[in-house]
Amino acid sequence: MKTAAIFLDRDGTLNPDPGYISSPDDFKLFGDTLPALELLAQTGLPLVLITNQSGVGRGIIEETALAKIHEKLDRALSQIGVVLTGKYYCPHLPEDDCHCRKPKSGLFKQAEADYDIDLSASYLIGDSLCDVNAAEAIGAYSILVRTGNGRKTEAKLDRDGVSVDFVGDTLVDCANHLLALEGAE
C-alpha cells in the first residue's frame with residue numbers, strides 16, 4: 001500500500017547554504033533542524049532527502065565528499081533517533097537538462113518506486129522556487145521555509161504567479177504545521 005512521504009530539500013532548508021559545500025567540515029545544520037526532524041518523524045512518514053548538487057557536475061564537490069557530508073547528517077540524526085528513509089541527489093548542471101534536477105520529477109519518481117510512495121499525498125519542504133515547482137510537478141503539498149533563500153523566494157511567488165500551500169519562518173514552524181495536517185500533534 002502506497003504511503004505519503006515528507007521530502008526535504010537540503011541546502012537552505014536543513015543547513016545554511018554558503019555556496020558549494022565540498023567538505024563535511026563545512027556542513028553545519030541550522031539550530032532547529034534536529035528538533036524539527038524529530039517532530040516530523042512523529043508522523044511516521046518516510047523522510048526523504050532530495051537535493052540538487054551541481055557542484056558534483058562542476059567538479060567542485062567529489063562524490064566521496066558528498067557521501068561523507070550525508071554520513072555526517074546521518075550521525076547527527078541518529079543522536080535523536082531519526083533516520084532518513086532515502087537520500088537522492090542530482091549531480092547535473094542546470095543546462096544539462098536532465099530528468100532528475102529539481103523542479104523535474106526524476107528523483108521523486110525514483111523514491112516513489114523505491115519506497116512505494118504516493119507522491120500526490122506527500123509533502124515537500126524547501127527554500128527555493130525549484131522546490132515549490134517540484135511540489136507542484138508531483139502534486140505534493142508545498143511548504144516553503146523562510147531560511148536559506150526562502151524569504152527571497154516568497155517575495156517572487158506572487159510576481160511569478162506561483163503559489164505555495166504553507167510558508168513557515170523556521171523548519172520547526174513547518175514541522176508543526178505538517179503535524180497538525182497529519183493529526184499527529
Side-chain angles (χ1 to χ4, degrees), residues 1-15 17 29-30 32-53 70 73-74 76-77 80-90 99-154 156-158 160 162-185:
M1 184 169 164
K2 288 190 176 238
T3 183
I6 300 170
F7 293 105
L8 300 157
D9 172 53
R10 194 189 84 182
D11 299 330
T13 301
L14 302 182
N15 58 277
D17 185 5
L29 295 173
F30 285 123
D32 73 336
T33 296
L34 294 180
L37 292 178
E38 199 168 25
L39 288 170
L40 291 172
Q42 291 177 20
T43 64
L45 298 175
L47 302 177
V48 181
L49 184 73
I50 305 273
T51 178
N52 288 341
Q53 293 295 321
H70 288 165
L73 174 60
D74 288 341
L77 293 176
I80 58 166
V82 173
V83 175
L84 293 176
T85 301
K87 291 187 280 305
Y88 298 86
Y89 70 93
C90 170
H99 74 282
C100 58
R101 185 174 176 79
K102 290 183 293 180
K104 293 188 179 172
S105 62
L107 295 177
F108 297 95
K109 297 282 189 186
Q110 185 62 54
E112 175 185 41
D114 290 348
Y115 300 106
D116 206 20
I117 291 171
D118 180 349
L119 295 178
S120 65
S122 294
Y123 305 91
L124 194 159
I125 303 174
D127 72 313
S128 71
L129 197 55
C130 82
D131 296 315
V132 174
N133 288 335
E136 184 178 342
I138 64 171
Y141 188 94
S142 58
I143 300 176
L144 179 70
V145 61
R146 289 187 176 113
T147 55
N149 290 314
R151 289 190 191 286
K152 289 179 189 172
T153 299
E154 184 181 20
K156 294 177 187 175
L157 291 176
D158 288 336
D160 292 352
V162 177
S163 63
V164 65
D165 294 306
F166 179 79
V167 179
D169 284 328
T170 67
L171 194 55
V172 166
D173 292 340
C174 297
N176 282 326
H177 175 75
L178 200 153
L179 281 170
L181 291 174
E182 281 292 308
E185 292 185 281

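Just so we're clear, the structure is a prediction, and the values are computed from it rather than from any experiment.
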How about Thr85 and Tyr115: do any of their side-chain heavy atoms sit closer than 4.5 Å?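 The answer is yes, as the side chains (C-beta and beyond) meet within the 4.5 Å cut-off.
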Who passes side chain to side chain donor-acceptor pair (under 3.5 Å) against [X], sequence neighbours left out?
| X | value |
| --- | --- |
| Asn15 | Asp11 |
| Arg146 | Glu154, Asp169 |
| Ser105 | none |
| Asp9 | Thr13, Lys102 |

May I ask you to decide if Ser128's main-chain N or O and Asp131's side chain share a donor-acceptor pair within less than 3.5 Å?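 It does hold such a pair.
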Going by the rule salt bridge (Lys or Arg N to Asp or Glu O under 4.0 Å), which residues pair with Lys109 if we only count those two or more places apart in sequence or in a different chain?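 Lys109 satisfies salt bridge (Lys or Arg N to Asp or Glu O under 4.0 Å) with no residue once adjacent residues are dropped.
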Which residues pass the salt bridge (Lys or Arg N to Asp or Glu O under 4.0 Å) test with Asp127, sequence neighbours left out?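 Not a single residue meets the salt bridge (Lys or Arg N to Asp or Glu O under 4.0 Å) criterion with Asp127.
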Above 12 or not: heavy atoms from other molecules or residues under 6.0 Å from NZ of Lys2?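 Atom NZ in Lys2 is crowded, with more than 12 foreign heavy atoms closer than 6.0 Å.
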Go through the structure and list residues passing ring pair (Phe, Tyr, Trp, His ring centres under 6.0 Å) with Tyr141, not counting sequence neighbours.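 Tyr141: ring pair (Phe, Tyr, Trp, His ring centres under 6.0 Å) contacts with Tyr123, His177.
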Going by the rule side chain to side chain contact (heavy atoms under 4.5 Å, CB included), which residues pair with [X] if we only count those two or more places apart in sequence or in a different chain?
| X | answer |
| --- | --- |
| Ala175 | Ala36, Leu39, Leu40 |
| Lys87 | Leu49, His70, Asp74, Leu84 |
| Val83 | none |
| Ala111 | Phe7, Val48, Tyr88, Ile117 |

Not counting sequence neighbours, list each pair that qualifies as a salt bridge (Lys or Arg N to Asp or Glu O under 4.0 Å) and has a residue in residues 38-52.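 As it turns out, there is no salt bridge (Lys or Arg N to Asp or Glu O under 4.0 Å) pair with a partner in residues 38-52 once direct neighbours are skipped.
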What do the steps show when you test Asp17 against Thr147 for side chain to side chain contact (heavy atoms under 4.5 Å, CB included), and what is the final call? CA-CA 10 Å; Asp17 185 5; Thr147 55; over 6 Å; no
Over all heavy atoms of both residues, which pair between Pro46 and Thr3 is shortest? Give the atoms and the distance, please.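 Where Pro46 meets Thr3 most closely, the heavy atoms are CG-CG2, 4.0 Å.
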